[in-house]
Amino acid sequence: MFLAAGLAGPVQEVPCTLESGESTTCLRIARKSVPSDHAQGPWCPKSVHDGPEAGGIWPEAGTAHDVTGEFIANLATFYGDSAWALHNEDGTINVTDTAEACAAAARPDVDPALHNHCVECLPTYLARDTVVETLIPKLPTRAKSPSPIRSNIGLALNGVEFAAPAPTHAILAAHTLAPFDDCGGHINMHDGYHYHAVTSGCLTSIAQDDAHAPMIGYALDGYPIHARAGHDGAEPTDLDECRGHMDDTRGYHYHVAGPGKNQTLDCFTGEIVQGAARRPPGPPPGQPPRE
Ligand SMILES: [Zn+2]
Ligand SMILES: [Zn+2]
């Protein structure tokens, strides 16, 4: 069900324990966190004259904005804060350009020298052999009550994670942007490439025999994740608080939110594996990473 190119080995069935304490069987997915089915980036335009093809997207108030040179140049107006100035008099844009700078810009206490930067971490900054293991229940178990999203939300079929929302309040407080690419993902040095948004036309998807939205991945509770809208372009009207619903063909499943929301699902309806909501391998003490 996952694309082999995104995995470091076959999916294995292993015993596991759910947050409820119940023992069950899980799928252990060893993933490369590199999308094998689409390109990564671009994230930050380099000049105020660059168009939408040179940058990614940025979510604000429910809308995914194209991060063009003009968008960057207009940030002081956009956010009503004259301290914004990611661009210089000659039209160039301040962009993090080393692994060290991208890592430093991702800390909560952003180095003042990196304020007013567009932050991007390039694939070349990452170790090539990074493998992350994720456990997902083989058969979902409905929980007594929904549980909140605390870290990862699930996996796309290419093995890349749907991450918790990017902490845009902290990012914006440092007058930085950390755009997602046009496929809704970006890189941090701890997690590699991950999604904060689902855009159309990027992800490998499994078409349905009816007009229902295609399947694009699995949530950490094992329930399938589908695209936001079906053939009619509208999202279902009966989604629950987690963005899931039930139908006779598919049983319970989720539909992701639009790309401007910075949050693909709102909670888990099913039980997740104990510890799955914590982020492996964890940041150095005192340096929690931002998403
Ligand atoms: Zn549905
Ligand atoms: Zn992120």
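D266 and K261 are joined by a salt bridge, as a carboxylate oxygen and a charged side-chain nitrogen come within less than 4.0 angstrom of each other. Note on D210 versus R250: salt bridge recorded, some NZ/NE/NH1/NH2 to OD/OE distance being below 4.0 Å. Salt bridge annotation for E19-K144: absent, with no cationic side-chain nitrogen under 4.0 angstrom from a carboxylate oxygen.
A cation-pi arrangement is not found for R31 relative to F2, the charged atom failing to lie both closer than 6.0 Å to the ring centre and inside a 45° cone about the ring normal.
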Margin query: Before you tell me yes or no, could you show the steps for T269 and Y223 under side-chain hydrogen bond (donor to acceptor under 3.5 Å, both in side chains), namely the whole-Å CA-CA distance, both residues' side-chain angles and the distance that decides it to 0.1 Å?
Written below: CA-CA 9 Å; T269 302; Y223 286 118; over 6 Å; no
query = Do I29 and V132 pass the side-chain contact (heavy atoms from CB on, under 4.5 Å) test, and can you show the C-alpha distance, the side-chain angles, and the key distance before you say yes or no?
reply = CA-CA 8 Å; I29 301 138; V132 181; over 6 Å; no
* Does the pair D238 and H245 meet the rule for a side-chain hydrogen bond (donor to acceptor under 3.5 Å, both in side chains), with working shown? -> CA-CA 7 Å; D238 60 345; H245 72 163; 2.7 Å; yes
Give the C-alpha distance, both sets of side-chain angles, the deciding distance and a yes or no for side-chain contact (heavy atoms from CB on, under 4.5 Å) between H253 and D247.
CA-CA 8 Å; H253 60 278; D247 71 30; 3.4 Å; yes
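For Q208, the CD atom sits in a packed shell: over 12 heavy atoms of surrounding residues, nucleotides or ligands are nearer than 6.0 Å.
Classified by interplanar angle (parallel below 30°, tilted 30° to 60°, perpendicular above 60°), the ring pair Y195/H38 is tilted. Using a 30° and 60° split on the angle between ring planes, H226 and H212 fall in the perpendicular class, above 60°.
At distances below 3.5 Å, not a single donor-acceptor pair connects side-chain atoms of S33 with backbone N or O atoms of V160. Of the possible polar contacts, none joining the R243 side chain to the L265 backbone as a donor-acceptor pair under 3.5 Å is found. D181 places a side-chain N or O within 3.5 Å of a backbone atom of G185 that can act as its donor or acceptor partner. In this structure a side-chain-to-backbone donor-acceptor pair under 3.5 Å is missing from T17 to Q274. No side-chain donor-acceptor contact under 3.5 Å links T63 to the backbone of H65. Of the possible donor and acceptor atoms, none in the side chain of D66 sits under 3.5 Å from a partner among the backbone N and O of T68. Between the side chain of E271 and the backbone N or O of S20, at least one donor-acceptor pair lies under 3.5 Å. A donor-acceptor pair under 3.5 Å is formed between the side chain of N116 and the backbone N or O of A83. Counting only distance, with no hydrogens or angles, the side chain of K138 and the backbone of I136 share no donor-acceptor pair below 3.5 Å. Although no hydrogens or angles enter the test, the distance criterion places a donor-acceptor pair under 3.5 Å between the side chain of N188 and the main chain of D191.
Between the CD atom of Q12 and the OG1 atom of T25 there is a distance of 13.0 Å, given to the nearest 0.5 Å. Atom CG of L75 is separated from atom CG of D81 by 10.0 Å, given to the nearest 0.5 angstrom. Between I93 atom CD1 and D50 atom CG the span is 6.5 Å, to the nearest 0.5 Å. Atoms CH2 and NE2, on W43 and H186 in that order, are 9.5 Å from each other to the nearest 0.5 Å. From L86, atom CG reaches atom OG1 of T176 across 8.0 Å, with rounding to the nearest 0.5 Å. The CH2 atom of W58 lies 10.0 Å from the CD1 atom of I72; values are rounded to the nearest 0.5 Å.
In this structure, F162 is a member of the same hydrophobic cluster as L7, with clusters built from ILVMFWY side-chain heavy atoms closer than 4.5 Å. Y193 and Y218 fall within the same hydrophobic cluster, defined by Ile, Leu, Val, Met, Phe, Trp and Tyr side-chain heavy atoms under 4.5 Å apart, directly or through other members. No continuous path of ILVMFWY side-chain contacts below 4.5 Å connects V131 to L27, so the two sit in separate hydrophobic clusters. I187 and Y125 fall within a single hydrophobic cluster, where Ile, Leu, Val, Met, Phe, Trp and Tyr are joined by side-chain heavy atoms under 4.5 Å apart, directly or via other members. Taken together through direct or relayed side-chain contacts under 4.5 Å among Ile, Leu, Val, Met, Phe, Trp and Tyr, I206 and I216 form part of one hydrophobic cluster.
Residues V95 and K46 form a side-chain contact, since some pair of their non-hydrogen atoms from C-beta on lies under 4.5 Å apart. Looking at heavy atoms from C-beta onward, C267 lies out of side-chain contact with P148 at the 4.5 angstrom threshold. Counting heavy atoms from C-beta outward, F268 and D221 have side chains that approach closer than 4.5 Å. In this structure, the side chains of P259 and P59 stay at 4.5 Å or more apart for every pair of heavy atoms. With a 4.5 Å cut-off on side-chain heavy atoms, S205 and L157 do not count as touching. With a 4.5 Å cut-off on side-chain heavy atoms, V273 and L220 do not count as touching. Looking at T24 and C16, their side chains come closer than 4.5 Å, going by heavy atoms from C-beta outward. Counting heavy atoms from C-beta on, the side chains of F180 and N262 come closer than 4.5 Å.
Between S151 and I149 the shortest heavy-atom distance is O-CG2, 3.6 Å. Taking both residues in full, the closest heavy atoms of R228 and G258 are given as CD-N, 3.5 Å, listed atom of the first, atom of the second, then distance. Contact detail for I153 and A164: the closest heavy-atom pair is CD1-CA, 4.3 Å. Smallest separation of non-hydrogen atoms from N158 and D37: ND2-OD1, 2.9 Å. The two residues A227 and A213 come nearest to each other via the heavy atoms O-CB, 3.4 Å. Nearest heavy-atom pair, A103 versus M189, reported as atom, atom and distance to 0.1 Å: CB-CG, 4.0 Å.
With hydrogens and angles left out, the side-chain atoms of Y252 and D240 include a donor and acceptor closer than 3.5 Å.
F71 has its ring centre less than 6.0 Å from the ring centre of F78. Within the 6.0 Å centre-distance limit, the rings of H196 and H194 are counted as a close aromatic pair.
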